[in-house]
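Whatever order the structure lists ligands and atoms in, that order sets their numbers, starting from 1. In what follows, residues are counted from 1 in the order of the sequence shown.
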Amino acid sequence: MAQLWGGRFTKQIDELAWNFNASVSFDKRLLDQDIEGSIAHVTMLAKQEIITREEKESIISGLHSIKKDVEDGTLQITGEYEDVHSFIEANLISRIGDAGKKMHTGRSRNDQVALDMRLYTRQQVKETADCLYDMLQTLSAIMKDNLHTYMPGFTHLQKAQPVTLAHHFGAYFEMFKRDSLRMHDIYERMNYCPLGAGALAGTTYPLDREYTAQLLAFTGPTLNSMDSVSDRDYLIEYLAALSTVMMHLSRFSEEVIIWNSNEYRFVEIDDAYSTGSSIMPQKKNPDIAELVRGKTGRVYGDLMSLLTTMKGIPLAYDKDMQEDKEAAFDAIDTVQHCLTLFTDMIRTMKFNREIMEKSAMRGFTNATDAADYLVVKGVPFRDAHGIIGRIVLHCIEKGCSIDELSISELRQFAPQFEEDVYDAISLKTCVEKRLTVGAPGSAAMDKVIRMNEAFLKDFWTRK
Ligand code: ARG
């Protein structure tokens, strides 16, 4: 046990208690951030003449050598240390001697860990946005290829009105676009540096907090030292945004699973993203989509766990907060894996365009348009609705679609029907005449796709 404290103790800590308290098994992930933060801290200490230039340089080269040795595998982060901070400090002192003992001047592990976690999260927020960017690029490419791929749009999972595949995927484009903008907002709001807050009440050393904030590319220092060490709002916001990403991915998964089913066959998931059954030789299962849907629960759980951990903690730092890490790491890893795999799965998925189109032709998806046709011919909408309803019932009994009825059959329901009805209620017309902003008509979709492209060109992580 190599701990940073001990002066006021007369007895060794119990072994189980030590293990229970330790965080090194998971916070070793913060090694790079801890070193980056310490370099900024000692650079500031030297500028403020709290330590000498030589001490600063010796600390920095010691930190670099620790990082290198861990990367090379010649130095292992073991359970002998309480946390990553102790691991680094103990190793630094054994490498450079007394100068190493000065690194922690004017700092506490409370502001240190607050900084590490912020540096790590800030990077991950960007990486999540990058995964979303790949998803958006993939969706945009599929949309461009499928402006005229007609398919049924659903409400209540019942065929409703015809749309296109471009339009359906366009809905997901909007969802993931908002997700990416949430990442941007979180980044901006969290980008303040807690270093210098000390344990909770700042320090009497003349630290230059603006300077450390600037060295670490933060917008500025945080403005209340008690809040600085106890704020985990940014993680909660991030996990809430990640939960929303998963909710979107889960809905998308559900649709892919339905579309890939033997009954629908709208799509075929590539072999590379499917699995077989140990007993049923004919099976090709959409396990990736199902797992993405399933993992949504675990990300929601991570958010709930952090919210619950934080709800009763008095100011300022309490050890409960150490529990933020595993939940956050799990949510971050899960969402990034899910986004990456899901994007690859839809990129390689085959779309059965004829089956989609046939499905749109069956199921009376043009019933609204048939009613609108009668409206144009002077029938009030409510009456037209009733007439088409009766026609649909007739068609169900006959086993045909509206456009398969002859003009004389149609006229038995309403004398206003003329030859032009067939064109008016064709699948193509039903879709292409829907041209309001956001509607599926290809001319309307084309404008949206151009706006999407401008959005992607100006994407916030790529500026
Ligand atoms: N491992 C701790 C955490 O993750 C580091 C901060 C320890 N601070 C303390 N006062 N014990 O929160």
Side-chain angles (χ1 to χ4, degrees), residues 1-9 11-38 40-41 63 66 70 77-93 103-124 190 193-203 212 222 224-236 238-239 302 305-333:
M1 296 173 197
Q3 75 259 34
L4 295 172
W5 38 270
R8 62 103 64 219
F9 288 79
K11 220 170 133 180
Q12 274 290 326
I13 186 170
D14 172 80
E15 195 183 325
L16 268 181
W18 168 267
N19 291 334
F20 187 69
N21 186 56
S23 54
V24 70
S25 63
F26 50 87
D27 68 17
K28 62 182 177 195
R29 193 191 275 237
L30 300 174
L31 182 93
D32 289 355
Q33 289 72 22
D34 201 76
I35 288 178
E36 189 189 352
S38 290
H41 181 63
L63 290 171
I66 292 170
V70 172
I77 310 178
T78 61
E80 173 194 355
Y81 302 95
E82 183 182 338
D83 50 32
V84 70
H85 327 295
S86 331
F87 163 80
I88 292 172
E89 192 172 318
N91 272 279
L92 183 72
I93 293 168
M103 174 171 73
H104 209 52
T105 313
R107 188 173 72 171
S108 154
R109 272 186 297 168
N110 296 352
D111 60 343
Q112 185 177 358
V113 78
L115 171 69
D116 292 2
M117 206 48 194
R118 250 180 224 242
L119 286 171
Y120 181 81
T121 307
R122 185 174 75 170
Q123 181 58 29
Q124 296 307 316
M190 71 170 287
C193 184
L195 194 63
L200 77 161
T203 162
T212 15
T222 51
N224 180 291
S225 58
M226 288 176 81
D227 176 56
S228 308
V229 294
S230 59
D231 166 30
R232 299 292 182 273
D233 294 10
Y234 70 95
L235 274 179
I236 290 172
Y238 183 33
L239 296 201
D302 291 327
S305 141
L306 186 57
L307 278 169
T308 312
T309 298
M310 293 305 295
K311 80 179 247 301
I313 309 185
L315 291 180
Y317 178 87
D318 299 81
K319 194 67 177 236
D320 318 41
M321 288 179 195
Q322 177 168 291
E323 287 291 309
D324 64 351
K325 285 172 204 64
E326 285 164 294
F329 295 159
D330 182 67
I332 294 166
D333 294 347

- Message: To check you understand the geometry: which heavy-atom pair defines the closest contact between Met190 and Arg122, and what is its length?
- Response: CE-N, 3.7 Å

Return a table of N or O atom pairs, ligand 1 on one side and protein on the other, at distances under 3.5 Å, rounded to 0.1 Å.
residue: ligand 1; atom: 1 (N); partner: Ser23; partner atom: OG; Å: 3.0
residue: ligand 1; atom: 1 (N); partner: Gln322; partner atom: OE1; Å: 2.7
residue: ligand 1; atom: 4 (O); partner: Lys325; partner atom: NZ; Å: 2.6
residue: ligand 1; atom: 8 (N); partner: Asn110; partner atom: OD1; Å: 2.9
residue: ligand 1; atom: 10 (N); partner: Asn110; partner atom: OD1; Å: 3.0
residue: ligand 1; atom: 12 (O); partner: Tyr317; partner atom: OH; Å: 2.4

- Query: Are Lys319 and Glu82 within salt-bridge range, i.e. N to O under 4.0 Å?
  - Reply: yes

- Message: Is a donor from one side chain sitting under 3.5 angstrom from an acceptor on the other, for Tyr120 and Arg29?
- Response: yes

- salt_bridge(Arg109, Glu89) N-O dist < 4.0 Å: no

- Note on the structure: Separation between CD (Gln112) and CD1 (Ile88), nearest 0.5 Å, reads 7.5 Å

- Task: Give, for atom CD1 of Ile332 and atom CD of Gln123, the distance between the pair rounded to the nearest 0.5 Å.
- Result: 11.0 Å

